[in-house]
Number of protein chains: 2
Amino acid sequence: MQDCEFCAIKSKAVETLNPDELDILKQNCAEVTLQPGESIIKEGLLSSHIAYLKSGLAKICKKGVKGVDQILKIVKPGSYLGMQTVLSNKLHQYSSSAIEESVVCYIDIWSFKELITRNAQFANELILYLCRDELGYFNRFVNVHQKQIDGRLADMILFFSDEINESEKSFRVPLSRNDMAALVCATRESVTRAIKDLSEIGTIRVNGKHFEIVNYDLLKKISEKG
Amino acid sequence: MQDCEFCAIKSKAVETLNPDELDILKQNCAEVTLQPGESIIKEGLLSSHIAYLKSGLAKICKKGVKGVDQILKIVKPGSYLGMQTVLSNKLHQYSSSAIEESVVCYIDIWSFKELITRNAQFANELILYLCRDELGYFNRFVNVHQKQIDGRLADMILFFSDEINESEKSFRVPLSRNDMAALVCATRESVTRAIKDLSEIGTIRVNGKHFEIVNYDLLKKISEKG
DNA sequence: ATATGAATGTGATTAAAGTCACAAAAATAT
DNA sequence: ATATTTTTGTGACTTTAATCACATTCATAT
């Protein structure tokens, strides 16, 4: 059992809870530590819990018609996993798994629903969360379609630098080339070639999973013009 | 001023409102009739209202890097427009316009927020709405990337038949070829050719904007296998 | 250290869809 | 009814990225 009141990365929603409500959360919340590759939620299975990523990094995947998994998003601490599914659907509509050692809190779906109906501020924060999340997907949707591979890969690299590594210019991308491909909607081979492209024109330096941004402005330009 | 209490297509959220709350809604809600092509909300402008589509049909568009508009979704009556933006962002992140004569209710954003914080059931229904909406985009996201044009066009045709025209086999798609292209993420020319393909193998019969599904099963198969 | 299997890089080839240019048809205005 | 503009269809060609086949590197287990 967790002490959600003093959670290091309390969500805005949880901050609205009063002591009684916090108690409901505490009683129905289980913290788990996951290794890279371990599954958080599984597409197609009955959903019973919402997951909250406390630390680490995870991916959200969805099966496509060809059976190939597509990565919808890389999620960082402070994100809810399985919320959309649990609340409006019986079965998980996407999978999620850790891509780095992660700590996840599983919250019982009924307790979660209880908190929503009890506390309008809590609900309100979830609404804001969902809205922002959806707008993010809108952006991703148009970007992925209008940019070609180099631009999409530039996006990925900028994302890992700006969003995941506090704008560090040198960082590790904890994804295989296959996963990178699933993330930028391409094939493994195309990703390899795009990495080579970006390296050759001097925007990045790459060694395995280790990326270094050499020319940020150029990378940004490639990302923007597609 | 509208009588939202007796709205012909009251949303589930509005159904949770008590008389006082309904009154807030009534007082802050304006009904407008729009002609095809008329704008409902505009990307980049300050958002002050949420729109609720009471009748007709609208499209949701978003500008991409190439300046080309992409159609995120075709929305039918009972949908909220601009909700994600208004609640979490100052500026509209997407545009919406009528593609058929439509009736839209504009609800003042502050009244809307007031209802959310007053009535947890109202908030709860909005959460469910947002979740379903987002899951729809997840589907769209993977489909659009894994299917090729014929499959995506089949999807579009099935959508207009099943979702918009109560499974009628013969119907009008109120979109130009250009809009169809923006919807299925392709070019006008490719759409023309895909329509020709599907016609030649006998799945559909097309005359201008008028579509007829001749072989539903085959069309479904093309949609499924991509 | 060696063997095994997975992940990655690379070149050749193919396929899908975009681009361009123009003709035909349809819609709209005069 | 005619002119003008917009939309749509079509063929030739190009571009992008996928596919395939294989080599290489890397990680892990024995």
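Just so we're clear, the structure is a prediction, and the values are computed from it rather than from any experiment. Naming convention: chains lettered A, B, ... in sequence-line order (proteins, then strands); numbering from 1 in each chain.
- With rounding to whole Å, B/N178 atom CG is found 12 Å from C/dT19 atom P.
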Look for any protein N or O under 3.5 Å of an N or O in nucleotides 20-22 of chain C and output each such pair with its distance, or none.
from, atom 1, to, atom 2, distance (Å)
C/dC20, N4, B/E189, OE2, 3.2

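- What separates NZ of A/K66 from C1' of C/dA15 is a distance of 11 Å, to the nearest Å.
- Summary of the strand contacts: A/T187 and B/I195 both lie near DNA chain D, and taking for each the nucleotide with the nearest heavy atom, the more 5' one is attributed to B/I195.
- Residue-level contact check: B/K209 touches the backbone only, with heavy atoms under 4.0 Å from sugar-phosphate atoms and none from bases.
- Taking atom CG on B/D150 and atom P on C/dA15, their separation rounds to 16 Å, with Å as the unit.
- Across C/dG18, C/dT10, C/dA16, the shortest atom-to-atom separation from the side chain of B/Q148 is found for C/dA16.
- The closest side-chain donor-acceptor pair between B/Y94 and B/D69, if any, does not fall under 3.5 angstrom.
- At distances below 3.5 Å, at least one donor-acceptor pair connects side-chain atoms of B/S96 with backbone N or O atoms of B/K59.
- With A/R140 contributing its side chain and A/L72 its backbone, the two residues share a donor-acceptor pair below 3.5 Å.
- Remark: P of C/dG18 and CD1 of A/I149 are 15 Å apart, rounded to the nearest angstrom.
- For the pair A/K196 NZ and C/dT8 C1', the computed distance is 13 Å after rounding to whole Å.
- Under the 4.5 Å side-chain criterion, counting only non-hydrogen atoms from C-beta, B/V104 is not in contact with B/E31.
- No engagement by A/K147 is indicated, since no non-hydrogen atom pair under 4.0 Å with the nucleic acid exists.
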>> The test is side-chain contact (heavy atoms from CB on, under 4.5 Å); show your working for B/F112 and B/Y52 and say whether it passes.
In response: CA-CA 12 Å; B/F112 202 80; B/Y52 182 71; over 6 Å; no

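- Here the range on DNA chain D touched by chain B, meaning any atom under 4.0 Å from one of its heavy atoms, is D/dT8 to D/dA12.
- Without hydrogens or angle criteria, B/N165 side chain to B/E168 main chain gives no donor-acceptor distance under 3.5 Å.
- Taking CE from A/M180 and OG1 from A/T187, the interatomic distance works out to 13.5 Å, rounded to the nearest 0.5 Å.
- Looking only at atom types and distance, the side chain of B/N215 has no donor-acceptor partner in the side chain of B/T203 under 3.5 Å away.
- Salt bridge A/E43/A/K63: absent, no basic N to carboxylate O contact under 4.0 Å.
- Taking the nucleotide of DNA chain D with the nearest heavy atom to each of A/V191 and B/D179, the more 5' of the two is matched to B/D179.
- For the pair A/T192 and C/dG9, the criterion of a side-chain N or O lying under 4.0 Å from OP1 or OP2 is met.
- Here C/dA26 presents its C1' atom at 12 Å from CG of B/N207, a figure rounded to the nearest Å.
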